[in-house]
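These notes are about the structure you will find just below.
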Amino acid sequence: MSNKYRTHNCNELRKTNVGQNVVLSGWINKKRDHGNLLFLDLRDNYGITQCIIDRENKNFNELEKIQLETVIKINGKVVNRSTETINKEILTGEIEVGIETFKVLGTCKELPLPVFSDQEYAEDIRLKYRFLDLRRKKIHENIILRSKVISFIRSEMNKLGFLEFQTPILTSSSPEGARDFLVPSRLNPGKFYALPQAPQQFKQLIMVSGFDRYFQIAPCFRDEDARADRSPGEFYQLDLEMSFVEQEDVFDVVEKLLVNTFKEFSDREFLQGKFPRITYKEAMLKYGSDKPDLRNPLIINDITDIFLRDDVKFDIFKKLVNSGSMVRCIVTKNTKDKPRSFFDNIDKWAKDQGASGLAYFTLEKEKEVVGKGPIGKFFSKESLEQIMKITGAEIGDSIFLACDKKKDLEKITSLARDKIAKDLNLINENSFAFCWIVDYPMFEKDETSGKIEFSHNPFSMPQGEIDKINFDNPLDILAYQYDIVCNGIELSSGAIRNHIPELMYKLFSVAGYSKENVNEKFSGMINALNYGAPPHGGIAPGIDRIVMLLANEKNIREVTMFPMNQNAQDLMMNAPSEVSNNQLKELNLSLKLKK
RNA sequence: GGGGGUGUAGCUCAGUUGGUUAGAGCGAUCGCCUGUCACGCGAUAGGUCGAGGGUUCGAGUCCCUUCACUCCCGCCA
């Protein structure tokens, strides 16, 4: 392509172009002014070309004064660089362009932040001047990576026989799940649309409509608080759904897709071939979490029973165990010679996390096995041998113990597992460890209200033969509900859906919804299921998180073009913002602001 | 809603036990410099030390309140 702005882009010229007259346009990335000789790095999306001008040229003085990041067009001739002056860092480094004339296409004020710099700088300035921030190499490349990943996924999904459809952005609010973003309806006073938290019902309706395999790079909106890996407001999912499938069919498609995608865009090694399947129950025990980082070799073991023995004298834990607490431990291999500070730091860290601390002792051998360290003396030889049997611990290893009620215990042991592995440098950062978490419970009990609630997706199919499901013990019902996890990050949730209306009513009734409730709140879905619904299931991997993993970024804003800050504000566009009284009036809204 | 961290020049940061006129690098402006690629050298400008209150002879520094950003908990079927 050649037009009045350029004959080549800034990453195109090579030795073979020497002698040609060219036109280049771009931003002034950097100037090196030698007084009578000026080097000027011109940058565009594609790369950098060094341009040069000296005092002989009548444009020299003017060009010398131009502000960095100004957009200019230059006319000039491609010249060879002498061997000593070749720059191997850039692809155009063997040549430079001798500037003959130039024209300013876009002026630039004094910069609020440097573009040409690897320096970190404050998030609010980056977000306010996102268009400048996005010019910087690292994030510019992240956003390009994101685009390529999405294109690749689209093409893979097409190859796998999936059709891409759009679903409505203005839809209805539904109970369950996250807080909705609401949009007032002008034509229907007092009524509101909701932005979809996910196209969940629509994708199931697409299956009922007979399309067999659907996918979409779907925007999802949830009005919840942000985290480093969670944008406030909106994010994207690779939403997919398949008819006439079992759980394994979904796994098969997703594993293929993720393996291909991660191999295409990363050189990091896969720690497993086929993704391991771990039941929810096992994950909560061994890792204290349903999103375990399997790069971390540490395992949690339950040793509550040890504290029922008479020859164990650790009374604090024994009392807690008698009142319903449990004891779980983490074994670290061959840590007997670690300094006292190593152990105390972890104990102090645990206290900072709000736990009562982490007790510890080390297994050593004198005449027989003994526990060394602050609480070692409370354990008999036999009890230590039992611990070694349960945990696989050996002489020279250390045991970290926590005692608490189940949920708090899971939380602290999970955090401790990460913390200890980091301190001992056990995690292979240059790898991907995927796993499936399966067999989620259909329901869970809310700890404060004691109410039975759906633990994940209310539309999931319960496991077992339908007429044999025991609704008297709803907490024991498992669902065909699964998550996929990579390096401790939850990439997505999915399920085989419940396509049988009567079963749906039954499950909703357990969670306190009447048939009328269900008919009203999920009318589109429930109605459709009465007209010949195929068995179906799907999943929805998070695009942002996939790109985060591939770009090796810890923060989702580093792979999001125009993110909001933690308070869900867009500092560049000034969103959200107030609206005029007329707008409110049209929508039949009035404001009652809290002080 | 709760807890932690940060806030000093346009940007990144230093600032000792509370003590003279608050510093550096980058950037900006001006001057010198014809082979740099983080060019070099010299000079100049640039500060409500986030804001407010307090303690003190004296506060960037100590105390209280508050704001902004960020990380975490809650929340996220």
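Proteins get letters first, then strands, A, B, ... in listed order; numbering begins at 1 in each. What you see below is based on every heavy atom in this structure, not just the backbone, and it leaves out hydrogens, waters and symmetry mates.
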Which value, in whole Å, describes the distance between the [atom1] atoms of nucleotides [N] and [M]?
N      : M      : atom1 : value
U36(B) : C30(B) : C1'   : 22 Å
U20(B) : U44(B) : P     : 23 Å
U12(B) : U17(B) : C1'   : 28 Å
G46(B) : U34(B) : P     : 32 Å
G47(B) : G5(B)  : C1'   : 24 Å
A59(B) : C49(B) : C1'   : 11 Å
C62(B) : G19(B) : P     : 11 Å
U8(B)  : C76(B) : C1'   : 38 Å

Contact under 4.0 Å: [X] side-chain N or O vs [N] OP1/OP2:
X         : N      : answer
Asn555(A) : C71(B) : yes
Arg557(A) : C71(B) : yes
Lys554(A) : C72(B) : no
Asn567(A) : A68(B) : no
Gln569(A) : C69(B) : yes
Arg126(A) : C69(B) : no
Arg32(A)  : U36(B) : no
Lys30(A)  : C39(B) : yes

Lys73(A) to Phe102(A) six-membered ring, cation-pi geometry met (6.0 Å, 45°) = no

Can the positive tip of Lys515(A) be found less than 6.0 Å from the middle of the six-membered ring of Tyr505(A), inside 45° of the ring normal?
-> yes

Please report the closest heavy-atom contact between Asp347(A) and Leu358(A), naming both atoms and the distance.
-> OD1-N, 2.8 Å

Name of the residue among Thr171(A), Thr167(A), Ile206(A) meeting side-chain contact (heavy atoms from CB on, under 4.5 Å) with Pro199(A) | Thr167(A)

Tyr482(A) and Phe251(A): aromatic ring centres closer than 6.0 Å?
-> yes

Given G74(B), C72(B), C76(B), which nucleotide is nearest the side-chain atoms of Gln566(A)?
-> C72(B)

For the side chain of Thr85(A), counting heavy atoms from C-beta on, which of G35(B), C69(B), G25(B) is nearest?
-> G35(B)

Got a donor-acceptor pair under 3.5 Å from the side chain of Asp124(A) to the base of C69(B)?
-> no

Please state whether the base of C37(B) and the side chain of Arg81(A) form at least one donor-acceptor pair under 3.5 Å?
-> yes

For Met561(A), does its backbone N or O pair with a side-chain atom of Arg130(A) as donor and acceptor, under 3.5 Å?
-> yes

Determine, answering yes or no, if His34(A) is stacked on U36(B) under the 5.5 Å centre rule and the 30° plane rule.
-> no

Tell me what Arg55(A) touches on the nucleic acid: a base, only sugar-phosphate, or nothing, going by heavy atoms under 4.0 Å.
-> nothing

Strand partner of C32(B), provided both Watson-Crick or wobble distances fall under 3.5 Å | G40(B)

Interatomic distance where CZ belongs to Phe39(A) and P belongs to G35(B) [whole Å] = 7 Å

